[in-house]
Q: 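Just passing along the structure, written as structure tokens.
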Amino acid sequence: MSRVTSAFVAALITLVLGGFLLGMSLTSEGINLVVETSTTGKMTVLFVGVVLVFLLQLFREQVGSFTSKMRSDERMELPSFLRTSQQQRMWTMFVIAGLVLFPFISSRGAVDIATLTLIYVMLGLGLNVVVGLAGLLDLGYVGFYAVGAYSYALLNMYFGVSFWVALPIAGGLAALFGFLLGFPVLRLRGDYLAIVTLGFGEIIRILLNNWTELTGGPNGIARIPKPTFFGLEFNRRPSEEGATTFHDFFGIGYSSEYKVMFLYLMALVLVLITLYVIRRLIRMPIGRAWEALREDEIACRSLGLNPTTIKLGAFTIGASFAGFAGSFFAARQGFISPESFTFIESAIILAIVVLGGMGSQLGVILAAIAMTVLPELAREFDEYRMLLFGLMMVLMMIWRPQGLLPMKRPHLELKRD
Amino acid sequence: MLRLDNVHTHYGPIEALKGVSLNVEKGEIVTLIGANGAGKTTLLMTICGDPRATSGTVTWKGEDITQKETSEIMRTGLAVVPEGRRVFSAMTVEENLAMGGFFNETNYDERLAHVLELFPRLKERYSQRAGTMSGGEQQMLAIGRALMSNPELLILDEPSLGLAPIIINQIFEIIDQLRSEGTTIFLVEQNANQALKLADRGYVIEHGHIVLEDTGDNLLVNEDVRKAYLGG
């Protein structure tokens with residue numbers, strides 16, 4: 001097929017699809033719905049779009065050669081201020097200091113979004129272990145997130161367990177669920193694994209939805225207490241006799257912002273711990289084993305590695321971080337319901353990992369920021385969020401199929417002195 | 001050292017090995033030759049415990065390993081260079097070798113030095129990604145990786161597969177050198193000519209049966225073997 005024909009076909013497809021979506025509208029006339037053609041404005045948009053698709057397809061090669069220049073194949077050199085490990089450490093400290101100071105200099109809304117972002121960073125880092133490092137496609141990651149959230153909520157509701165006690169328990173329970181899921185699915189690979197994990201995530205959500213006596217079902221669990229600062233509460237008045245509030249203890253006036261800041265700082269600490277632990281794990285033999293397993297399972301077996309143990313390790317560790325994130329989420333929101341743990345959450349977390357570059361921690365962090373901050377900034381375009389999401393994925397696959405910051409070291413060279 | 005007694009192996013209802021017995025003694029190079037689908041790789045995999053033998057016994061250093069887990073077997077001084085090399089292509093040469101020494105931390109540096117001495121090529125490519133190397137270099141890496149566990153018995157599955165004759169010669173020289181260093185070698189090959197020249201003893205496998213067993217030199221001049229595997 002010549003280029004003109006294929007460009008023509010592409011433009012025609014655009015016209016047909018766009019024609020139904022943009023070119024027509026339904027208006028109600030009394031009790032009937034009437035199909036009308038759209039305003040000329042929308043028609044122009046449609047027409048311009050069709051022409052654009054036609055031209056893009058016609059000059060595809062030229063466009064392709066242009067975009068291929070933007071690919072990441074060439075070696076990237078680290079900027080000069082990041083060459084030595086000392087400098088890197090210094091900049092890391094600098095960034096952390098900036099993040100700590102952030103809530104004191106910005107608005108409450110920004111801090112709120114930042115906290116949300118940090119939760120996603122944590123989830124992304126956790127899933128990165130499973131998908132990015134061990135190469136096990138897990139579509140039900142949100143299940144462990146839910147386990148973590150409900151662990152804290154239920155433990156608090158029935159036994160009055162405080163957040164700080166529940167946090168490790170939530171991580172442990174999520175890890176246990178990861179372990180339990182790991183067992184049956186270990187013999188599966190690729191697509192099959194993805195489907196089973198997808199099912200697992202849904203099972204947890206549906207279970208939470210229907211076990212009304214225990215979980216409150218679709219009504220969720222409300223009034224989950226916020227974490228305390230060494231026993232100090234962030235409420236205006238202490239919730240019970242003898243308790244002290246944060247502002248009373250320090251003799252400062254009450255402000256609801258302290259709570260927001262505290263939650264942000266807590267999320268930051270959790271993320272830093274996650275980052276540190278996973279960084280260490282990657283450098284440990286288990287981390288190398290995960291990578292090797294992703295590369296070639298048979299070779300791993302020939303070297304005496306036990307794929308079962310290694311995969312279970314990845315599932316369990318990945319799940320435990322989702323558990324921590326989940327219990328923090330429950331504490332921050334104060335209210336959870338199965339609604340918060342739908343498949344779309346898994347998809348977003350997975351998108352963060354893929355977008356960031358499988359296995360790359362810095363990439364995951366950047367992607368988490370992009371995936372949470374951009375939609376918040378573009379609130380007005382809420383309806384088009386999914387559309388933009390799709391567009392972003394398509395562009396990514398064309399320009400940076402390996403993710404924003406691919407993991408492999410050879411792309412970034414350290415100059416050794 | 002390694003001994004198979006009347007081993008049968010099935011893939012579902014298909015019987016791939018129909019009562020195979022063979023043994024490998026310490027310090028030997030033993031080769032197993034046979035046509036495609038004769039059961040060479042199956043035999044080798046059965047030694048490693050995947051698939052397990054349905055009947056018969058595999059004995060390694062006097063111990064019955066027939067029912068053991070693959071991962072356990074592979075940690076007892078046995079190393080396999082799998083068919084088709086299977087290096088970790090996104091990892092560097094260094095990391096690949098490190099994976100080979102995963103369970104044996106003692107004398108790690110010495111063994112690494114030894115492997116790099118055996119394969120100077122790997123030293124040149126030390127921090128290069130394995131996937132970007134040539135087939136011959138990858139094969140060297142695969143052998144080097146297996147040697148990192150300091151094995152008593154090295155099992156090689158078709159190390160000459162898809163390599164240029166000159167590289168094959170190099171690989172066989174290395175195998176010879178390993179033997180002189182005291183490593184026992186079990187070599188599974190289609191390249192019967194070269195394998196038999198090198199080997200102390202050889203087995204010929206056909207349709208899941210061992211049909212011939214003799215010294216390498218005798219097999220090399222055997223009429224049937226010549227006809228079937230050496231092109232007359």
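Chain A is the first sequence line, chain B the second, and so forth, proteins listed ahead of strands; every chain is numbered from 1.
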Q: Just checking B:K61: does its NZ atom have more than 12 heavy atoms from other residues, nucleotides or ligands closer to it than 6.0 angstrom?
A: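 Above 12, so yes.
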
Q: So, do B:F88 and A:L303 sit near enough that their side-chain heavy atoms are less than 4.5 Å apart?
A: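 Sidechains of A:L303 and B:F88: in contact.
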
Q: Which heavy atom of A:A289 sits nearest a heavy atom of B:F102, and at what distance?
A: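 Scanning both residues completely, I find the closest heavy atoms to be CB-CZ, 3.9 Å.
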
Q: Is the number of heavy atoms from other residues, nucleotides or ligands under 6.0 Å of A:Q86 CD greater than 12?
A: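 Incorrect, the count does not exceed 12.
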
Q: Once you round to the nearest 0.5 Å, how far does CG of B:N96 lie from CG of A:D296?
A: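 Rounded to the nearest 0.5 Å, the CG-CG separation comes to 10.0 Å.
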
Q: Can you find a heavy atom in the side chain of B:R75 that is under 4.5 Å from one in the side chain of A:N306?
A: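 Yes. Closest side-chain heavy atoms under 4.5 Å.
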
Q: More than 12 non-hydrogen atoms from neighbouring residues, nucleotides or ligands closer than 6.0 Å to CZ on A:F177, yes or no?
A: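 No.
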
Q: Please check: side-chain N/O of B:R86 versus main-chain N/O of A:A299, any donor-acceptor pairing under 3.5 Å?
A: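 No; zero donor-acceptor contacts below 3.5 Å.
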
Q: If you compare all heavy atoms of B:M74 against all heavy atoms of A:R301, which two are closest, and at what distance to 0.1 Å?
A: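 Shortest heavy-atom contact: CG-O, 3.3 Å.
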
Q: Please state whether the side chain, the backbone, both or neither of B:A98 comes within less than 4.5 Å of a heavy atom of chain A.
A: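 It is both, since atoms from each part get that close.
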
Q: Considering residues, nucleotides and ligands other than A:Y192, do more than 12 of their heavy atoms fall under 6.0 Å from its OH?
A: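 Not more than 12 within 6.0 Å, no.
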
Q: Rounded to the nearest 0.5 Å, what separates atom OG in A:S302 from atom CD1 in B:I73?
A: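 Rounded to the nearest 0.5 Å, the OG-CD1 separation comes to 12.5 Å.
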
Q: How about OH on A:Y276, more than 12 heavy atoms from neighbouring residues, nucleotides or ligands closer than 6.0 Å, or not?
A: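 Check fails, neighbour count at 12 or below.
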
Q: If you define the side chain from C-beta out and look only at heavy atoms, does anything of A:R288 sit under 4.5 Å from B:M99?
A: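 Counting from C-beta outward, A:R288 and B:M99 do come under 4.5 Å.
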
Q: Does the side chain of A:E295 come within less than 4.5 Å of B:S89's, by heavy atoms?
A: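 A side-chain contact exists here, since the closest heavy-atom pair is under 4.5 Å.
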
